[in-house]
There are 2 protein chains.
Amino acid sequence: MTKQKIATRRPLSSARVLQAAVALADEAGLDAFSMRGLAQELGVVPMALYKHVANKDELLDGMVDIVFSEIELPPGDLDWRPAMRRRAISTREALKRHGWAIGMMESRHPGPANLRNHNAVMGCLRKAGFPFEMAVHAYSVQDAYIYGFALQEKDLAFETPDSAGEAAQGRAETIGALDDYPYLVEITTKLPESGYDSAVEFAWGLDLILDGLDRLRHTGAAPA
Amino acid sequence: MTKQKIATRRPLSSARVLQAAVALADEAGLDAFSMRGLAQELGVVPMALYKHVANKDELLDGMVDIVFSEIELPPGDLDWRPAMRRRAISTREALKRHGWAIGMMESRHPGPANLRNHNAVMGCLRKAGFPFEMAVHAYSVQDAYIYGFALQEKDLAFETPDSAGEAAQGRAETIGALDDYPYLVEITTKLPESGYDSAVEFAWGLDLILDGLDRLRHTGAAPA
DNA sequence: TTGACAAGTGTACACCGTACACTTATAGTT
DNA sequence: AACTATAAGTGTACGGTGTACACTTGTCAA
């Protein structure tokens, strides 16, 4: 009983802090995520965290890199199109698990998993024969779509019926007549009964983009 | 001199507060944007703001709607494709002016300009003959791309040479060898000399997407 | 002139990130 | 086994935040 005294208070470590931080941000959201709250979750006084992470900023850097580490790299044994499809879907799933990370994925000091990911994606395209400029274009459209979709998916929580009602309520308050917005009404009425599934919606747009890239794959030309 | 006493301290109003708030957020960024700072900018004590806005949350709602109000609606006299192109480019420009708004455009209580915008975009597609599900798809891809591109454009500030050097520095610190990331190196070396322009990059991806939509315009089918 | 109501003020509270000095626990050397 | 260097965890304190609440000031109607 010298080595392992008690299980209730095994010592901290930057890895353990990072892991707990991600878990807390997942369930509490980014606004409610604080150093004090994290310390409490770990059964420790706030300042104890600073022995393992420099400050909150660096902690967030590490958290984002954890998210990157959960993203599947484009499989090397696949052709570029299915490889991109796989990694895109994996990215969306990771961002769905960690909604707090969406706005920070590219804005923080890049960690190793970040670099590995970007390098692998760019490498996959280049090895598949994409000329440099075309690979940059391909990367840009894809990631913009992926991050943008994740952002909207997080924000637009109008899939649940209660929040939809609440949203309609809010609209009725701020604006007098919602007859002025017939096409919004159409969405709120038709969308729920259309069996909308955000995963297939994501795949639809993704395939559209990959289609376009396949078509322009070798030509240096612009679309249209 | 009864009506207009002095120009230096004309009375506040929610419009004036909102306008000053947008200006302050534009130049200071969202993190540095505080009620106290805004009050100081208006030459007034912090609590004075609360006579014109309920709280910071509602203030942010109003600020976002101002950004929406700056976005050009799809011109009714154009065909859907150029109309969408115009409104997409206008959206990106507005988000470039107000980078702080990018993550909030769809996450706040929608204001009138928000509703007008969404209604007009959806209406443009429907009037052009897009079946409902297809219009939803078209809307989803476009906005995901627009917001995602704006997000990356804000984050990746690697266009300036100094910050690129700094970023490379940071990479060299956290990771030993950056020879492990040959395709990232290729980007940092080739991209600056390739005359990269974010506006044309945006248009490239946008046209790719509009192309795909035009192709699938009438078929209810999924891409590829 | 007076009285009502809006606009602006001042103080105070709970929360945040974290600097700094302190105490406790652990591990390596004699 | 005793001592000591170093790491791990603590407590207090400071300047920042949003904002509740009671107060004073300004402005117009009667």
Side-chain angles (χ1 to χ4, degrees), chain A residues 1-25 27-64 100-101 103-104 107-109, chain B residues 1-25 27-64 100-101 103-104 107-109:
Chain A
M1 75 179 60
T2 57
K3 291 280 178 64
Q4 306 164 348
K5 303 191 70 165
I6 358 173
T8 64
R9 185 77 78 90
R10 118 187 88 107
L12 254 46
S13 69
S14 44
R16 219 162 81 80
V17 171
L18 238 52
Q19 182 179 331
V22 169
L24 180 57
E27 68 186 35
L30 193 56
D31 288 347
F33 170 79
S34 69
M35 297 298 274
R36 292 172 136 97
L38 175 57
Q40 184 166 351
E41 203 77 12
L42 287 163
V44 103
V45 94
M47 287 309 293
L49 303 173
Y50 289 85
K51 285 288 185 326
H52 301 96
V53 295
N55 48 46
K56 191 179 186 180
D57 242 48
E58 196 180 85
L59 175 61
L60 290 173
D61 289 348
M63 292 165 66
V64 165
W100 48 268
M104 300 196 296
S107 67
R108 319 225 116 242
H109 290 146
Chain B
M1 72 180 57
T2 58
K3 291 280 177 65
Q4 307 164 347
K5 301 191 70 167
I6 0 174
T8 63
R9 184 76 78 89
R10 114 188 91 109
L12 253 46
S13 70
S14 45
R16 221 162 79 82
V17 170
L18 239 54
Q19 181 178 331
V22 169
L24 181 56
E27 67 186 37
L30 193 57
D31 289 348
F33 172 78
S34 69
M35 298 297 274
R36 291 171 137 95
L38 175 57
Q40 184 166 351
E41 204 75 14
L42 287 163
V44 103
V45 93
M47 286 310 293
L49 303 173
Y50 289 85
K51 284 288 189 308
H52 301 96
V53 296
N55 48 44
K56 191 180 186 180
D57 242 48
E58 197 181 85
L59 175 61
L60 289 173
D61 289 348
M63 290 166 67
V64 166
W100 48 268
M104 300 195 297
S107 68
R108 319 226 116 243
H109 290 144

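Protein chains get the first letters and strands the later ones, always in sequence-line order, with residue 1 at the start of each.
- Within the 4.5 Å cutoff, the side chain of A:Leu60 has no heavy atoms near those of the A:Trp100 side chain.
- Regarding contacts with the backbone of D:dG18, a side-chain N or O of B:Lys56 is found under 4.0 angstrom from either OP1 or OP2.
- A straight line from CZ of A:Phe33 to P of C:dC16 spans 11 Å, rounded to a whole angstrom.
- Going from atom CZ of B:Arg16 over to atom C1' of C:dG8 covers 13 Å, rounded to whole Å.
- One can place CG of B:Leu30 at 11 Å from P of D:dG18, the figure rounded to the nearest angstrom.
- Not a single donor-acceptor pair under 3.5 Å links the side chain of A:Arg108 to the backbone N or O of A:Gly62.
- In this structure, A:Asp31 places its CG atom 16 Å from P of C:dC15, rounding to the nearest Å.
- Ranking D:dT19, C:dT18, C:dA21 by closeness to the B:Asn55 side chain, first place goes to D:dT19.
- Remark on DNA chain D: of its neighbouring residues A:Leu49 and B:Lys51, the 5'-side contact belongs to A:Leu49, judged by nearest-heavy-atom nucleotide.
- A straight line from CG of B:Leu38 to P of D:dT19 spans 12 Å, rounded to a whole angstrom.
- A:Met35 comes within contact range of the sugar-phosphate backbone alone, with a heavy-atom separation under 4.0 Å but no base atom that close.
- Between A:Gln40 atom CD and D:dG11 atom P the separation is 14 Å, expressed in whole Å.
- Counting heavy atoms from C-beta outward, B:Leu49 and B:Leu42 have side chains that approach closer than 4.5 Å.
- With distances taken from any side-chain atom of A:Val44 to the nucleotides C:dA7, D:dG9, C:dG10, the minimum falls on D:dG9.
- An OP1 or OP2 oxygen of D:dG9 is reached within less than 4.0 angstrom by a side-chain nitrogen or oxygen of A:His52.
- With rounding to the nearest 0.5 angstrom, the CZ atom of A:Arg36 is 16.0 Å from the CD atom of A:Glu41.
- Taken from CD in A:Glu58 to CG in A:Asp61, the straight-line distance is 7.0 Å, to the nearest 0.5 Å.
- Ranking D:dA13, C:dG8, D:dG18 by closeness to the A:Arg36 side chain, first place goes to D:dA13.
- One can place CE of B:Met47 at 13 Å from C1' of D:dT17, the figure rounded to the nearest angstrom.
- The nucleotide whose nearest atom lies closest to any side-chain atom of A:Ser34 is, among D:dG9, C:dG17, D:dT19, C:dG17.
- Between the CG atom of A:Leu60 and the C1' atom of C:dG17 there is a distance of 12 Å, given to the nearest Å.
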